[in-house]
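Every chain is numbered from 1, with letters handed out A, B, ... down the list of sequences. What you see below is based on every heavy atom in this structure, not just the backbone, and it leaves out hydrogens, waters and symmetry mates. Computed from a predicted model, the values in this text were never measured in an experiment.
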Amino acid sequence: MIQYLKVRPLGPELEGWRVKIEKIAKACGLDFFETIFEVVSYDRMNEIAAFGGFPTRYPHWRFGMSYERLAKSYAYGLSKIYELVINTDPCYAYLLEGNETVDQKLVMAHVYGHCDFFKNNFYFGRTNRKMLDTMANHATRVRRYQDLYGYTQVEEFIDVCLSLENLIDIHAPYIKRQPDRSTERRKEDLPDELIGDLDTVPRLEAKEYMDEFVNPQNFLEKQRQKQKDEIEKQKRYPEEPQRDVLLFLMENAPLTRWQRNVLGIVRDEAYYFAPQAMTKIMNEGWASFWHTHIMTTKGVLEGGEVIDYADRHSGTTVMHRGSINPYKIGLELFRHIQERWDRGQFGKAYEDCDDMAARANWNTHAGKGIEKVFEVRRHHNDLTFLDEFLTPEFCAEQKLFTFEHNPKANEWQIASRQFAEVKQKLLFQLTNMGQPIIEVEDANHRNRAELLLRHRHEGVDLDANYAHATLRNLFRIWKRPCHIATRRGEKSVIVSFDGEKIAERNFDEAA
Amino acid sequence: MSRIKQDHSRFRQIVRGKIRGNLKQYISQGELIGKQGKDKVSIPLPQIELPRFKFNAQDGGGVGQGEGQEGDSLGDGDQQPGQGEAGEGEGEKALEVDVTLDELAQILGEELQLPRIEPRGQKEVVTERDRYTGIRPVGPNSLRHFKRTFREALKRTIAIGEYNPKNPVVLPIKEDMRYRSWTTVKSPQSNAVVIYMMDVSGSMGDEQKEIVRIESFWINAWLKSQYEGIQTRYIIHDATAREVDEHTFFHTRESGGTMISSAYKLANRIIEDDYPAADWNIYPFHFSDGDNWSVDDTRTCIRLLKEGLVPVANQFSYGQVESPYGSGQFIKDLREHFEVGSEDCNVVCSEIKDKDAIVKSIKEFLGAGR
């Protein structure tokens, strides 16, 4: 991490502003890890951005690909990166060399918003705050493997892992899906011949003369069935469908040590970045909420800078028709919440009121706005944020709509402006970070050690070509035929790759 | 080499197909869109997308923001609206910019890896220009620099204590006089002329002309970036040839039969009259579908090329567009008579099947750097 220790300090003017803005941010109630700013050249900025915010990553062409995109966009003046901040303790943030002071001030105010979010939002609670070191270690490890086993071989394996990178369980850090197998002692370790014997079925405690009433025959039957199912389940592996496909593969696939390690690296990094994807709208919204507040109400902005500031700010919150701008939606929704809670537009009385005029003019002077937004930034992610706070009024005000593909015209068209539909589609887009939910269902499919994944179909099919290619990659890890159960239109299908060719067959879901 | 440069060169090698052939199927030719005036310009940006389980885009749709009625279009169906968003935690701002023709040529040069053209033999043709760059204490009165002269005088007056603010009279004496001075800049001049010849006989359809138009636009853009003040001449021919302006060149309707020699004769005459080979870099380009009228005429063509055009030209370029009617014989004849492709032969032939082949063909024409 030598590169990092050599952070060049800010010049006196910027440092002066930094101290001032930091003080204001703290006075506003923002709470963040120490934040270290560094001014970097555009080339270095592009490099760091290509590495996902880190000074170094393991060698891989995909970082070169992002770099080319960023460098070309910058060289031809199509776009540039104003700021970059990473979720670590201390936080590191980068300012672009040669930007005007007003830009740098705006970015600093924005960055303190992000840093507060990183530190306090629930979903970042389990992220590795020493990721700088971890990333550097990953890089060293991969380089060593490349020296030992060949550059191309390791790179190819990384490609395979990246192709499965999205098969993680984004909620895994926060909940326990299954009991820890190693610590739990099985109570029902019965000899096989006793399975289902009525005498071994667990009974409810009862005095002897009450037994036939407390434990009637049909109850015992049920218990026995349950026990049998339980034992059937244990024969299945995994017992419960497992969302963390990568972990499952690490534990069960026939991999060499370095391969398992590389897979683990890819998985660790996927988990590290997941909360950022889960809170994109909130995070950008929160940072924008605070940069506007700090810049315009705390005397940071000077008279001559107003126009430039307004230009930059409107540039980041501009609406694009084909997508929602997380800066815009997040910012407006936080403001909307603040206003509602300031005016007391919440609770049963408000919810039950169906007089539109009364709702619009509702004002109890509750003044709880600021308190509420801080609470929201602590507990929510994008999905719950929009589920909870998206209102019909907000939807109309922000001109939200859904769009769909019209195959006849081969174009994308605005489909609806109805609140219910907009909300449904929006929530769908945010569920599982917009990735299909895929689980390991059976590692011994057809009793031949074949791997069966299941796509929990929620209305949208998988892209067939991509699915085929991904199965091929999965095969390279599992080394036995791989299958995925999904749906194609109305039909349930299993798509398989047996090492030579892709096959697709219908199957009956009930069987 | 910095780490990102390593990753980047690795990526470039993969894109060029030098290594990791198994990734080839995932490479797509993406683009960035810039603008030149009203026109959109696409900057190529290859992408490799690793496969993963993902939703079928056209099933999904999404949520957008802005004006518009239900049923309004958001753009055509191949590209999902709003794709290509910023990645992990950076704030990116998109701008629309104008790209100048010069920059376009540069982009073209970089993408096709065109060599810079070494102007041929004309290094001794030198133009001299005087540029006023400095100040000196002697010179003709016509080059007096009043301001500097009076400043010197003022300095001197103050220094010897004669300056009176109430009566600020300053009189320059001889030592105060300052004159502009010049240096002579010698710049090697290179003149270039491009002569476009196009076959407009009956077999050249609209599509073939479109190909010629696009290709000559790009060739022009490149040559313009290499020579200052480049000249262009346009010749169209069927059984007879005539010189036309640019507009006519690209818009003439097809007619008649084909006598390629007529165009070469005219080109020879233009060069003789206006562009002495000693002072000019000459680039004749000829586009045709290769269906010449007669074997006799082809023989005449070869003779004209050997005696006239080829020796004086930096490079003679022949582009043959594929047409449903043409026999495509002419390119074969050229290859027979010239050692096309060898180091010393300045005849370049290129077959242009369709629009997609234009890029390759430009590279064939300009790749030699002659």
Side-chain angles (χ1 to χ4, degrees), chain A residues 47 49-50 52-53 56 59-61 63-65 67-69 72-73 76-85 159 162-163 166 273 276 315-316 319-324 398-405 410-416 422 425-426 429 436 438 460-463 466-467 469-470, chain B residues 2-4 6-12 14 19-20 22-23 25-26 32 34 43 45 47-48 50-78 80-82 85 87-97 99 103 107:
Chain A
E47 174 175 358
T56 180
H60 193 262
W61 54 261
F63 304 122
M65 177 170 81
Y67 175 79
E68 172 158 327
R69 183 192 182 80
K72 272 192 178 167
S73 302
Y76 299 133
L78 299 169
S79 70
K80 71 177 178 184
I81 299 168
Y82 274 90
E83 49 108 354
L84 224 165
V85 53
D159 288 353
L162 288 175
S163 160
N166 58 339
F273 285 117
Q276 296 183 18
T316 53
M319 290 191 226
H320 305 288
R321 291 225 308 170
S323 63
I324 57 166
Q398 293 300 317
K399 303 182 176 136
L400 296 180
F401 58 76
T402 63
F403 60 82
E404 272 166 12
H405 184 250
N410 190 29
E411 62 178 20
W412 295 88
Q413 295 179 342
I414 297 180
S416 168
V422 169
K425 188 134 262 180
L426 203 49
Q429 272 186 351
I438 287 169
V460 182
D461 290 353
L462 292 181
D463 185 305
Y466 277 80
T470 314
Chain B
S2 79
R3 298 210 155 128
I4 198 71
Q6 282 172 30
D7 290 344
H8 186 227
S9 77
R10 184 93 184 151
F11 171 68
R12 294 300 316 175
I14 294 173
I19 48 171
R20 300 291 315 277
N22 52 346
L23 285 175
Q25 49 183 322
Y26 307 129
L32 291 166
I43 299 155
L45 187 76
Q47 294 277 322
I48 304 173
L50 288 170
R52 50 176 64 193
F53 289 119
K54 65 168 201 176
F55 291 123
N56 185 355
Q58 301 200 333
D59 267 17
V63 179
Q65 203 178 6
E67 307 291 342
Q69 298 279 315
E70 287 174 20
D72 280 5
S73 167
L74 294 170
D76 74 36
D78 299 326
Q80 168 129 21
E85 256 184 71
E88 298 150 350
E90 73 252 30
E92 235 178 299
K93 185 182 165 189
L95 307 158
E96 270 185 344
V97 287
V99 181
E103 286 169 316
I107 296 167

- Query: Under a 4.5 Å heavy-atom cut-off, does chain B meet the side chain of A/A415, its backbone, both or neither?
  - Reply: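 A/A415 touches chain B through backbone heavy atoms alone.
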
- Item | Contact origin within A/I438 toward chain B - heavy atom pairs under 4.5 Å |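 Just the side chain, heavy atoms under 4.5 Å.
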
Restricting to non-hydrogen atoms, name the atom on [X] and the atom on [Y] that form the minimum distance, rounded to 0.1 Å.
| X | Y | value |
| --- | --- | --- |
| B/Q65 | A/I324 | OE1-CA, 4.2 Å |
| B/D7 | A/P59 | OD1-CA, 3.6 Å |
| A/V422 | B/V63 | O-CG2, 3.9 Å |
| B/Q47 | A/R69 | NE2-NH1, 3.7 Å |
| A/W61 | B/L23 | NE1-CD1, 3.7 Å |
| A/V460 | B/N56 | CG1-O, 4.1 Å |

- Query: With the threshold set at 4.0 Å, does a side-chain nitrogen-carboxylate oxygen contact exist between B/R3 and A/E47?
  - Reply: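 A/E47 and B/R3: not salt-bridged.
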
- Item | Part of B/E67 within contact of chain A (heavy atom distance under 4.5 Å) |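 Both backbone and side chain of B/E67 come within 4.5 Å of chain A.
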
- Below 4.5 Å from any heavy atom of chain A, which atoms of B/I14 appear? Answer side chain, backbone, both or neither.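 The answer is the side chain of B/I14.
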
- Message: Return the OH to NZ distance between A/Y466 and B/K54, rounded to the nearest 0.5 Å.
- Response: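 Answer for the OH-NZ pair, A/Y466 versus B/K54, is 4.0 Å.
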
- Item | A/E68 side, atom CD; B/I4 side, atom CD1 - distance, nearest 0.5 Å |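 Spacing of CD (A/E68) from CD1 (B/I4) equals 11.0 Å.
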
- Name the option with the most non-hydrogen atom pairs under 4.5 Å to chain B; the candidates are A/D461, A/L400, A/L426.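 Sorted descending by pairs with chain B, the first entry is A/D461.
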
- Item | Most contacts with chain B, counted as non-hydrogen pairs under 4.5 angstrom, among A/S416, A/S163, A/P436 |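 Heavy-atom pair counts peak at A/P436.
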
